[in-house]
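In what follows, chains are A, B, ... by sequence order, proteins preceding strands, each numbered from 1.
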There are 2 protein chains.
Amino acid sequence: MPEQIAKKELPACPVETTLTLIGDKWKVLILRDLLPGTKRFGELKKSIGSVSQKVLTAQLRDMEKNALVNRKVYPEVPPRVEYSLTELGQSLKPILDAMWNWGEEYKARNI
Amino acid sequence: MPEQIAKKELPACPVETTLTLIGDKWKVLILRDLLPGTKRFGELKKSIGSVSQKVLTAQLRDMEKNALVNRKVYPEVPPRVEYSLTELGQSLKPILDAMWNWGEEYKARNI
DNA sequence: TGCCATAGTTACCAGTTGGTAACTATTATG
DNA sequence: CATAATAGTTACCAACTGGTAACTATGGCA
């Protein structure tokens with residue numbers, strides 16, 4: 001059986017599974033900013049606020065590898081690269097929504 | 001106005017606000033394991049699976065400071081310390097639920 | 001008397017993460 | 001001819017994170 005495809009080794013607990021994919025501040029922020037729609041690299045960098053190019057690229061590569069994000073390169077000069085969420089990426093919206101709602105209520109209490 | 005109480009400096013974005021409180025793998029796992037109910041330190045350590053004493057204590061202290069977790073010490077020997085979620089901590093359940101559901105579906109797809 | 005148990009704390013060390021700055025390519029513009 | 005623009009990559013360094021192991025306290029038990 002030489003063609004055995006390695007199954008991803010996922011944790012038994014579903015919460016941990018989710019954490020392996022987006023258990024990371026940067027990825028959550030990328031999701032937040034891509035959920036409304038496609039963005040260019042530079043736009044994304046600006047909208048996230050304070051992230052270095054290095055880290056942003058690394059996180060995007062990671063999410064691309066995990067099929068959460070699409071990367072589309074336009075062969076222009078200067079280069080244009082557009083990032084968008086895959087369907088799988090979009091399917092994380094309920095988590096982001098829950099985080100949004102909780103944060104809102106938390107801030108409302110603390111005024 | 002000497003009694004001005006310092007307002008917590010929270011990010012404008014609610015998602016980021018949530019991240020400042022539980023944007024951390026360990027805290028999510030602690031929430032997961034305390035949502036069903038009170039646990040002693042040792043039980044929590046075991047149920048989380050692979051966390052060192054040092055890290056677990058640090059995270060619990062942090063969550064206690066942020067009023068997510070209650071710490072109750074019983075003056076016995078050997079000492080008994082019980083951890084439970086505050087109401088605020090419990091209110092994070094929808095986020096955990098969303099993460100649970102997503103993880104389940106993700107694993108189902110990848111079988 | 002000496003050891004066990006629990007819930008820590010601390011010092012030390014290793015690995016990971018993240019920032020900065022310099023470098024890349026290519027074409028349009030002044 | 002030099003510069004600007006975009007989306008990177010790379011090297012180097014600092015800071016943060018996390019693990020291990022040794023130490024703490026105290027009462028019960030052999």
Beyond-backbone contact of A:L56 with A:I30, side-chain heavy atoms, under 4.5 angstrom: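 They are in side-chain contact.
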
Pairing residues for A:N70 by the side-chain contact (heavy atoms from CB on, under 4.5 Å) criterion, not counting sequence neighbours: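 By the side-chain contact (heavy atoms from CB on, under 4.5 Å) rule, A:N70 matches A:S84, A:T86.
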
With A:R80 via side-chain hydrogen bond (donor to acceptor under 3.5 Å, both in side chains) - residues at least two apart: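 Partners of A:R80 under the side-chain hydrogen bond (donor to acceptor under 3.5 Å, both in side chains) test: A:E76, A:E82.
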
Distance, rounded to the nearest Å, where B:K45 contributes NZ and C:dA5 contributes P: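 Distance check: B:K45 NZ to C:dA5 P gives 15 Å.
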
Atom pair distance, as rounded to whole Å: CD in B:E43 and C1' in C:dA7: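 The answer, rounded to whole Å, is 13 Å.
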
Under the rule for salt bridge (charged side-chain N to carboxylate O under 4.0 Å, His left out), what residues qualify as partners of [X], not counting sequence neighbours?
| X | value |
| --- | --- |
| B:R71 | none |
| B:D97 | B:K93 |
| B:K107 | none |
| B:R32 | A:E16 |

Any pair counted as ring-ring contact (aromatic ring centres under 6.0 Å, His included), so long as it reaches residues 23-78 of chain A, sequence neighbours left out: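 The answer is none; no pair qualifies.
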
Pairs satisfying side chain to side chain donor-acceptor pair (under 3.5 Å), at least one member in residues 45-55 of chain B, at least two apart: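 Output for this query lists B:D33-B:S47.
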
Nearest-nucleotide comparison on DNA chain C, the residue closer to the 5′ end among A:Q53 and A:D24: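 By nearest-heavy-atom nucleotide position, the 5'-most residue is A:D24.
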
Close residues, residues 67-78 of chain A, relative to DNA chain C [heavy-atom separation under 4.0 Å]: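 Contacts with DNA chain C under 4.0 Å: A:V77.
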
Chain B footprint on DNA chain D, 5' to 3' - any atom under 4.0 Å from a heavy atom: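 Contact span on the strand: D:dG18 to D:dG27.
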
Five-pair end axes of the helix from C:dT1-D:dA30 to C:dG30-D:dC1 and the angle they enclose, rounded to 10°: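 For the helix from C:dT1-D:dA30 to C:dG30-D:dC1, the axes at opposite ends meet at about 30°.
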
A:W102: partners by ring pair (Phe, Tyr, Trp, His ring centres under 6.0 Å), with sequence neighbours left out: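 For A:W102 the ring pair (Phe, Tyr, Trp, His ring centres under 6.0 Å) partners, ignoring immediate neighbours, are A:Y106.
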
